[in-house]
Number of protein chains: 2
Amino acid sequence: MKTKLVKDLKEAIKLSGLSDGMTISFHHHLRNGDMVAVMVLDVISELGIRDLNVNISSIFDTHAPFIEYIRDGVITGIETDYMGGVVGRAVSEGILDKPVIFRTHGGRPSDIISGVSPIDVAFIAAPTADPMGNCTGKYGKSACGSLGYAFADAMYAKTSVVITDNLVDYPLTDFSIAEDYIDYVVCVDKIGEPSGIVSGTTKITKDPVGLVIADYAARAIEASGLLVDGFSFQTGAGGASLAAAKYLQDIMLARGIKGSYGLGGITSYMVDMMKSGCFKALLDVQCFDLGAVESIRTNPNHREVSASHYASPSAASSAVDSLDVVILGATEIDTNFNVNVHTDSNGYIMGGSGGHSDTAAGAKMSMIVAPLSRARLPIVVDEVLCKSTPGSTVDVLVTQRGIAVNPLRPELSEKFAAAGLPVVDIRELRDAAEKQNGKAKKPTLGNKEVAKVLYRDGTLLDTIYNVPVK
Amino acid sequence: MKTKLVKDLKEAIKLSGLSDGMTISFHHHLRNGDMVAVMVLDVISELGIRDLNVNISSIFDTHAPFIEYIRDGVITGIETDYMGGVVGRAVSEGILDKPVIFRTHGGRPSDIISGVSPIDVAFIAAPTADPMGNCTGKYGKSACGSLGYAFADAMYAKTSVVITDNLVDYPLTDFSIAEDYIDYVVCVDKIGEPSGIVSGTTKITKDPVGLVIADYAARAIEASGLLVDGFSFQTGAGGASLAAAKYLQDIMLARGIKGSYGLGGITSYMVDMMKSGCFKALLDVQCFDLGAVESIRTNPNHREVSASHYASPSAASSAVDSLDVVILGATEIDTNFNVNVHTDSNGYIMGGSGGHSDTAAGAKMSMIVAPLSRARLPIVVDEVLCKSTPGSTVDVLVTQRGIAVNPLRPELSEKFAAAGLPVVDIRELRDAAEKQNGKAKKPTLGNKEVAKVLYRDGTLLDTIYNVPVK
């Protein structure tokens, strides 16, 4: 019988045939609690392997040691869908010679499956696994729920290594990823820090400005005509988005509307909406909190989906294609409705698309909720510093000062106005933002390309340049 | 939004781009109740498309109309893992110019996934589906349980068409095959005849000879040393195999042995073994009866696996690799332990490997149960007419006249003898069979190659020649 269970990570890496110049991959379901990516890189570095391309679905601040491995030449390329501020700052300051490749959560599996971004060795952090590699995120002390982002890695990497801290007897029947894709299994003491794993959910906002925005957002959804039986919905985990979801729930319950599904990164708030009858199902590519983890483990109507099933533009279809409404955030939005979620006002990388442009493209109505300004910086601007999501796919901007509708969707304007909602031109919102805080001063950037932002179909959306170190 | 639901099969076939010379595929989960393969070929024929290669996981007598489509030049090639007697007779008489390609249930997905046997259009009979193609066999009037054999087809065909008679609202959460692989969905009145879908299970034998064999088989498993906690097991659905499983269950319950999993085509008998505590899990590539369908729908420990997960020799591992004991049948077995399950004593095709050689290769002990002779024809012979499973992977032959052990496994002989079981040389069994019924007369075959039998790894095991028509 084939033996896959090897004694430690070093042996697994040796057996995988990993060598200089190859591509390794990780998923981010353990979020800011992930210990696996750094653990693997520690061993790789110890083995003297260098010049690696790291394809990781998201980078959090827990991955700060990546910076040292970039400096040492262990990591020489990064492909990701999201990059938190710590690694983002170093990248923005030009630490990497090659530009980071940013994809979307749907574009990533699409490019892995098509062979555009091949993976040599995938390292799959798995909260529970059996010795043949059947694995899941639903159980164990490091349970994270869905393993949706890891499917393509496991299935298409030349070699796949499962790393678990909860090894169970064969066969694990409630597997997410099946043994036929897994070459080696390693059991370690701890793959993640539970508090960091479920760090994603913000609480519903109590900020009065946020609550006004949420109220407008919920009423705009009601006015759109999309809020009928069979309604499907995704929302981010930001405070105003969650408040909007809560108001929406109130409307759905009051009007007896039975939605079909909630999608995306799933929070307890979405679980509560399903439980209260607003949705018959949740399609879950990623769990944001313990309530979502508990639900996906126990409720058959809460179903894990792969990232390809969630959002791949090259799949026969994905769940975003059937989506009615998505509520999204923005760090900046310009008068052409282009949205920036990659860089801050100084040009530093501190985010990424995730599923932003996938859901914006798929949903019948994509809605950005944002205050006019944050920390005295206008959110509505003439031109975004980085185009993360093309304005042609963004339908509505909801602020505390009114709702701007993309001119491509005049019927929405009419419906909102008929419902008594304050519809305004997006340029008025820009003007109001500037009046509050002055015009945003564009940072002076260098001429080194530090990141390429690929749209979900693989075309280049934008290039991010370095922030000169003073 | 992409629309996949098309008005009828004709439109789906036109949209699929199917044209002369291509390969289409079907699965056999609806068994002898399947109406889909013939329904599709009727439309294909009506459209004037010809010269098709049909890759179907098994052919039953319900597929008799294939014969006309071969005569008409619509079907010019067949790849399958099993062929029932009706189509088998026509093929044996030389109706096809190209030899049929026989694979195993594990070899088929292996060759589909690797690209050795590419599929242009897969037609997936699905007892329940949603309009985007998420589908399952667990629900609906034509429920068949597992869709294990259809996974590779859906995932790797250039175009995949789901055909259902139970269309449900999006999203079907308990999907087996996900929408990202499905291009078109067609809803028809009826995909299968329920009585034929669950036609697979024989009852436990009441024949005294069969019961002796079953008793020896169960005691041999006990004596092998493999029947300990964690024991895993597969058995066929023949009467003696089921009786052996029943006796084994008695032993396990009496001795308090907690097995790990039952594998394979699953019957109610295996479900009962799980329920009674003999196994903690069932891994199910195919349901043989309504009890199995009910169980896979309701019991989370009864888990659907893909054919690749079940038995692919090129997968990182498959469930057969972890199997302790398999009980299998034979139409002939020779003194080198080679087994024939493809042809009858006249040389006519009437079967195929299915998972026979996959499980024989994977299991720690593979056991053939067979009477010395059937219908006055000896089962134990000098040389099988067709080598379906190589003798090197067959460990034990259990007959009513004793148990023969492959000389490659002397330790099993010793264990059986120590347990007081009647261990005999396989040549003695051959002699006894010949004494009962006379030496088997080899049929005179023609020199036209009507089928190639590929081993699970793709190598040629044997060639089947035509039976001359008198």
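Order of the sequence lines sets the chain letters (A, B, ...), proteins ahead of strands, with each chain counted from 1.
- Contacts of residues 295-307 of chain A with chain B at a heavy-atom distance below 4.5 Å involve P300(A), N301(A), R303(A), E304(A), V305(A), S306(A), listed in sequence order.
- Ranked by heavy-atom pairs under 4.5 Å with chain A, the first of Y310(B), Y170(B), Y261(B) is Y170(B).
- Atom CG of N134(B) sits about 8.0 Å away from atom CG of L283(A), to the nearest 0.5 Å.
- Using a 4.5 Å heavy-atom cut-off against chain B, the contacting residues of residues 172-184 of chain A are T173(A), D174(A), F175(A), A178(A), E179(A), D180(A), Y181(A), I182(A), D183(A).
- Here the closest heavy-atom approach between residue K4(A) and residue A316(B) is recorded as CE-O, 3.5 Å.
- Closest approach of M132(A) and S322(B) over heavy atoms only: CG-OG, 3.8 Å.
- Highest contact tally toward chain A, considering only G133(B), P131(B), P171(B), is held by P171(B) [criterion: heavy-atom pairs under 4.5 Å].
- Contact tally against chain B (heavy-atom pairs below 4.5 Å) for A319(A), A281(A), S160(A): the top residue is A319(A).
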